[in-house]
There are 2 protein chains.
Amino acid sequence: MTTAPRKGTRARLAPTLEEVAARAGVSRATASRVLRGDARVSERARDAVLEAARAISYVPNLAARSLVTGRSDSIAFLVEETEERMFADPFFLGMLRSAQEAVAEAGLQLVFTVVSRPEDQQRFLAYAAGGHVDGVLLLSLHGQDRLPQRLEALGVPTVLSGRPLSGRRRLWYVDADNAGGGRLATAHLLATGHRRVATVTGPLDMCAGQDRLAGYRAAVEADGRPYDESLVSVGDFTAAGGHAAALSLLERHPDVDAIFAASDLAAFGVVRALRESGRVVGDDVAVIGFDDIPAAAEQVPSLSTVRQPIPALGATMARLLLDRIEGRVDRPRRTVLPVELVLRQSA
Amino acid sequence: MTTAPRKGTRARLAPTLEEVAARAGVSRATASRVLRGDARVSERARDAVLEAARAISYVPNLAARSLVTGRSDSIAFLVEETEERMFADPFFLGMLRSAQEAVAEAGLQLVFTVVSRPEDQQRFLAYAAGGHVDGVLLLSLHGQDRLPQRLEALGVPTVLSGRPLSGRRRLWYVDADNAGGGRLATAHLLATGHRRVATVTGPLDMCAGQDRLAGYRAAVEADGRPYDESLVSVGDFTAAGGHAAALSLLERHPDVDAIFAASDLAAFGVVRALRESGRVVGDDVAVIGFDDIPAAAEQVPSLSTVRQPIPALGATMARLLLDRIEGRVDRPRRTVLPVELVLRQSA
DNA sequence: TGCGTTCGTGAGAGCGCTCTCACGGACCCG
DNA sequence: CGGGTCCGTGAGAGCGCTCTCACGAACGCA
């Protein structure tokens, strides 16, 4: 096992189906049928093949299989963020978990890839289009990134997390009702007597950021107020971004009495800024976040927030992609899942 | 593009090398040479092939290539933890980042897989042994888990993060000097006048947990004191585990004046327990952690800790695996990287 | 001028599997 | 008892690529 492998060959010559078949005294075709679980095989042949395969530790060569079937039986979970941001945001964790479960249940392998630099994108494209995966679950799409279009053009089925900003004609996606959530949160703040309701947005090159802001604006205007841009401070879904955005907001409007933050992490940053300025969260200033990550309930004071159905989002993405790969669905489908306002101490 | 694909076929028939060659007016062999960057091709042929490939958006079928070369040009980064624990621990983040960079630099694709349930392990084994990856970087090996042995037996080169507890004969690994780190931290606590120096360990089914404890013990005995098991409280590298372990420790030994925690996350839990019991960290009780994750420096008070060279660990693992795959190294190699004591406010 | 050496190229085998097709035997029905 | 249907099986093609080998042209040197 530890003899130097010649370049380009496996260290150990792997047993082939041919050898299994010979050992079991059947043809390659029959051995293949048994190992793929085809029903029309006699019990005698089945036992012989399974025993032979076990005896020589046979593992099918997936490249050879893939070359014939055109399938790899694996799915990519692709996150276009730096590793740092991905690990910092429990949203990705929840999505990964639920997608992983759904994909595993279908008997496929989920491989997780993070693309943080432009050259990574090119390599991933060749990897996916080269047939290493049957489809891609793509998270965290920014701005005018054409990766989904390029994947689709190369024949790689792709399902996005979140509505893309552009080129949405033929793209498949699963999204939460971001605008509805923004409206819900803002309307609640207005209805509970707050007069100066501000918002710390997400990145505005992402649809989720835009939509949550649009929801805020809709709620403000539905309340018969003018939309005041100075009450809007742009963040980026991170705690640090939320903190900075809140500071600039407090400078412009020291009398702000409620803030809708476009993510829970941003809300944590907002809360820190408020506390540093001597304000009491939930009393002087109400705060509502977005996502309902587990940490939201554990904050002091606990964070009111708009709950995204993260497990359902991941599972729905995975199932939609699998249905598409199997040819059970053939026209681009977009799913929008409802959100829910969760009231705690901060509002 | 959106016509229903027949089961088992790609939605769009991908262009083949044959078509590129025909379009460029050369043979398949020459086209292949150009696309793989083989030097011995005339400029005229090269240009024609590249132009033809571009024109029809040719992407090589990696399954076909892999069938011939026996290589997939991708590496698995495998974490045997639940998704939650993996995301909660910045150690994995740092390892992923540095491994990803080293692998990308060599032109290979890194795929990241998390195995949290026993059935996942079986699927991964078939995936890896089936030739989808050329090697595996395996993190977070617990107890008697035989996965590395099984991978090696199936011909999949594997490099471990951390020395395995058993079957270490033929296994390759990269580790930090855990025992040395434990000794360093404990010796410092003893040298600075602390009289009741306790430890909150990691999981004792992992070598890192055992070794850091062994380092603690060695330092205690080197100081001429008896090794007192009641000063040892078993944790699991998590903050919650550290908190619980510290509570039970404080119950047994209210007069403890220094604690060596086997991970920074555990140290955070210890600090919280101390604070809850009214003790002042760094004053009443000194605390030293292990890892030096970024959050350690940001705590109040900032956490003294044993710094693991996380970027070097990940990069070394990746390079060792790549060297092995290329046949540049052929005998099992184990690398142990030095650690360093970083003193801050907590000790 | 003749022979060896390089260089660029193409023909063709074959990687390990799946899948279609054809075939023989067992079975059922009229 | 003959003609159908089924059922289990094997032969063989071929997926798209890489790589070895052989060949002719161009070049160097004696």
Side-chain angles (χ1 to χ4, degrees), chain A residues 6-10 12-49 52-53 56 58-73 126 129-132 154-155, chain B residues 6-10 12-49 52-53 56-73 126 129-132 134 154-155:
Chain A
R6 280 177 306 128
K7 190 182 169 186
T9 55
R10 300 297 294 268
R12 235 168 51 103
L13 284 177
T16 69
L17 187 60
E18 187 75 56
E19 299 170 47
V20 174
R23 211 168 211 278
V26 300
S27 70
R28 230 169 46 236
T30 297
S32 174
R33 274 189 272 261
V34 170
L35 294 169
R36 280 176 300 116
D38 191 317
R40 297 162 312 180
V41 184
S42 69
E43 199 156 335
R44 209 166 55 82
R46 181 183 315 283
D47 292 348
V49 169
I56 61 176
Y58 172 73
V59 179
N61 180 321
L62 298 177
R65 170 178 293 173
S66 178
L67 186 56
V68 178
T69 62
R71 295 273 302 263
S72 65
D73 289 331
H132 264 299
L154 291 169
Chain B
R6 281 177 306 126
K7 190 183 171 186
T9 55
R10 302 294 295 269
R12 234 168 52 101
L13 285 176
T16 69
L17 187 61
E18 186 75 55
E19 299 170 48
V20 174
R23 211 168 211 277
V26 300
S27 70
R28 230 168 48 237
T30 297
S32 174
R33 275 188 272 260
V34 171
L35 294 169
R36 280 174 301 116
D38 192 316
R40 297 163 313 184
V41 185
S42 68
E43 200 157 333
R44 211 166 53 81
R46 182 184 315 283
D47 292 347
V49 169
I56 61 177
S57 298
Y58 172 74
V59 179
N61 180 321
L62 298 177
R65 168 179 294 175
S66 178
L67 185 56
V68 178
T69 61
R71 295 272 302 266
S72 65
D73 289 331
H132 264 300
D134 295 333
L154 291 169

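Quick note on labels: first sequence line is chain A, next is B, and so on, each numbered from 1. As the structure is a computational prediction, the values presented were derived from the model and not from experiment.
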Check your understanding: Which whole-number value in Å describes the distance from A/Glu43 CD to D/dT9 C1'?
Key -> 17 Å
Check your understanding: Going by heavy atoms in the side chains, are A/Thr30 and A/Arg33 under 4.5 Å from each other?
Key -> yes
Revision key, fill the gap. Taking for B/Leu67 and for B/Ser27 the nucleotide of DNA chain C with the nearest heavy atom, the one nearer the 5' end belongs to B/Ser27
Study note, to complete from the structure: Residues B/Gly131 and B/Ser66: closest non-hydrogen pair is O-OG, 4.3 Å
**Study point:** Length of the CZ-P vector between A/Arg71 and C/dG16, whole Å
**Key:** 23 Å
Check your understanding: Do B/His132 and A/Ser72 come close enough that some side-chain heavy atom pair is under 4.5 Å?
Key -> yes
**Study point:** Minimum-distance pair of heavy atoms, taken over all atoms of A/Ala31 and A/Leu17
**Key:** CB-CD1, 3.7 Å
**Study point:** Annotated protein contacts, base or backbone, on nucleotides 17-28 of chain D with a non-hydrogen cut-off under 4.0 Å, one of B, S, - each
**Key:** BBB---------
Point to revise | Where A/Ala64 and B/Leu67 come nearest, the two heavy atoms and their spacing | key: CB-CD1, 3.6 Å
Practice item. Name the nucleic acid region contacted by B/Ala63, choosing base, sugar-phosphate or nothing; use a 4.0 angstrom heavy-atom cut-off, strictly under. Key: nothing
Point to revise | B/Leu35 to B/Tyr58 - nearest heavy-atom pair and separation | key: CD1-CE2, 3.5 Å
Exercise for review: Report yes if some heavy atom in the side chain of A/Leu62 is under 4.5 Å from a heavy atom in the side chain of A/Arg65; otherwise report no.
Suggested key: yes
Point to revise | Angle of first-five versus last-five pair axes in the helix from C/dT1-D/dA30 to C/dC27-D/dG4, to 10 degrees | key: 40°
Check your understanding: How far apart are the closest heavy atoms of A/Ala14 and A/Glu19, and which atoms are they?
Key -> O-OE2, 4.2 Å
Exercise for review: Measure the shortest side-chain to side-chain distance between B/Thr16 and B/Asn61 over non-hydrogen atoms and say whether it is less than 4.5 angstrom.
Suggested key: no
Revision key, fill the gap. Shortest non-hydrogen pair, B/Ser57 vs A/Leu154, comes out as O-CD2, 3.8 Å
Check your understanding: Can a side chain N or O of B/Thr30 be found less than 4.0 Å away from OP1 or OP2 on C/dG10?
Key -> yes
Every protein N/O lying under 3.5 Å from an N/O of nucleotides 24-28 of chain C:
none

**Study point:** Heavy-atom donor-acceptor pair, B/Ser32 side chain to B/Arg28 backbone, under 3.5 Å
**Key:** no
